[in-house]
Amino acid sequence: MKILLLHGINLNMFGKRDPAQYGTVTLAEIDQRVQALGIELGAEVESFQTNHEGEMCERIHRAHEEGFDAVMINAGAWTHYSYGIRDALAILKVPIVEVHMSNVHAREPFRHVSVFADIVKGQICGFGADSYLLALRAAISAV
Ligand code: DQA
């Protein structure tokens, strides 16, 4: 099983950015934890991060051809307003799991909206770095 893990805008700053919301874990550590759990559960996880919306859309377009079984995405702030990324995700035919470190519903009102909400299989938020591990289990079970 092959799973693509997509990280959006500003997520490369995890570890340095707003530790009250995101803790001190880095994106590289998150990727390692997800990959290790993937090995345990029989899934190969490929990660990709970008701060450029067009680049994220193009990565999603390539994923359409690449035979991934599921996609996990934390699009960061794009979650709340990017119809471009929503439209790219909507092209995919495999289950998509939306993930957030923080509980977006307990934060500012603009974070309560996800423009992906109705096209993803489900959302996991609020468990810090463990959100990613829960999302991986959800993605595998959705496959
Ligand atoms: C986030 C929540 C978003 O609202 C925010 O813009 C982020 C990170 C999270 O993982 O909690 O960049 O997606």
Side-chain angles (χ1 to χ4, degrees), residues 1-41 43-64 66 68-143:
M1 189 180 306
K2 272 191 1 170
I3 295 183
L4 180 63
L5 172 54
L6 297 172
H7 304 291
I9 189 161
N10 295 316
L11 304 195
N12 57 308
M13 299 306 285
F14 280 156
K16 301 187 183 108
R17 174 186 174 203
D18 196 352
Q21 289 298 341
Y22 307 120
T24 53
V25 67
T26 65
L27 197 62
E29 284 161 356
I30 290 170
D31 281 341
Q32 274 167 14
R33 289 182 201 178
V34 175
Q35 265 154 28
L37 182 62
I39 289 167
E40 240 176 71
L41 301 177
E44 187 190 318
V45 182
E46 182 180 319
S47 301
F48 174 79
Q49 191 276 331
T50 181
N51 293 314
H52 303 278
E53 192 176 4
E55 224 169 70
M56 179 62 88
C57 288
E58 284 168 3
R59 184 68 194 88
I60 294 167
H61 298 166
R62 288 200 303 280
H64 188 250
E66 286 171 347
F68 287 99
D69 298 290
V71 170
M72 297 159 55
I73 183 163
N74 183 350
W78 288 330
T79 307
H80 313 303
Y81 66 86
S82 175
Y83 298 118
I85 292 175
R86 177 201 156 91
D87 281 353
L89 289 171
I91 298 168
L92 298 175
K93 297 199 163 46
V94 296
I96 301 167
V97 180
E98 180 182 330
V99 46
H100 301 283
M101 294 264 261
S102 63
N103 178 356
V104 285
H105 302 288
R107 300 182 61 191
E108 304 94 318
F110 78 88
R111 296 185 205 276
H112 300 181
V113 172
S114 161
V115 298
F116 316 145
D118 60 314
I119 59 161
V120 297
K121 178 79 182 167
Q123 302 165 308
I124 294 179
C125 71
F127 298 95
D130 285 345
S131 288
Y132 289 91
L133 304 179
L134 295 166
L136 178 62
R137 289 182 186 278
I140 290 171
S141 94
V143 175

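Remember, it's 1-based here, ligands and their atoms both numbered in the order they're listed.
- Residue contact annotation: V104 has a non-hydrogen atom under 4.0 Å from ligand 1.
- Set against the non-hydrogen atoms of M101, the atoms of ligand 1 under 4.0 Å away are 9 (C), 10 (O), 11 (O).
- The nearest protein atom to atom 11 (O) of ligand 1, hydrogens excluded, is given as S102 OG, 2.6 Å; this is a heavy-atom distance.
- The shortest heavy-atom contact between N103 and C125 is OD1-SG, 3.9 Å.
- With a 4.0 Å heavy-atom cut-off, ligand 1 is reached by the side chain of R17 but not by its N, CA, C or O.
- Near H80, meaning under 4.0 Å from any of its heavy atoms, are these atoms of ligand 1: 3 (C), 4 (O).
- Screening L5, V97, L6 for a side chain to side chain contact (heavy atoms under 4.5 Å, CB included) with I73, the sole residue that qualifies is L6.
- Under the 4.5 Å side-chain criterion, counting only non-hydrogen atoms from C-beta, M13 is in contact with K16.
- Taking all atoms of both residues into account, the shortest heavy-atom contact from N10 to Q49 is N-NE2, 4.3 Å.
- Using a 4.0 angstrom heavy-atom cutoff, N74 counts as in contact with ligand 1.
- Among protein heavy atoms, the minimum distance from atom 1 (C) of ligand 1 is reached at H100 ND1, 3.7 Å.
- For atom 5 (C) of ligand 1, the closest heavy atom belonging to the protein is R111 NH1, 3.2 Å.
- Remark: distances from the non-hydrogen atoms of Y22 to ligand 1 include one below 4.0 Å.
- V71 approaches V94 most closely through the heavy-atom pair CG2-CG2, 4.1 Å.
- Of the heavy atoms in L11, only side-chain atoms (C-beta onward) come closer than 4.0 Å to ligand 1.
- Residues passing the ring-ring contact (aromatic ring centres under 6.0 Å, His included) test with H100: none are found, sequence neighbours excluded.
- Using a 4.0 Å heavy-atom cutoff, H7 is absent from the residues neighbouring ligand 1.
- With sequence neighbours excluded, the residues satisfying salt bridge (Lys or Arg N to Asp or Glu O under 4.0 Å) with E46 are R59.
- With ring centers used as reference points, Y132 lies under 6.0 Å from H7.
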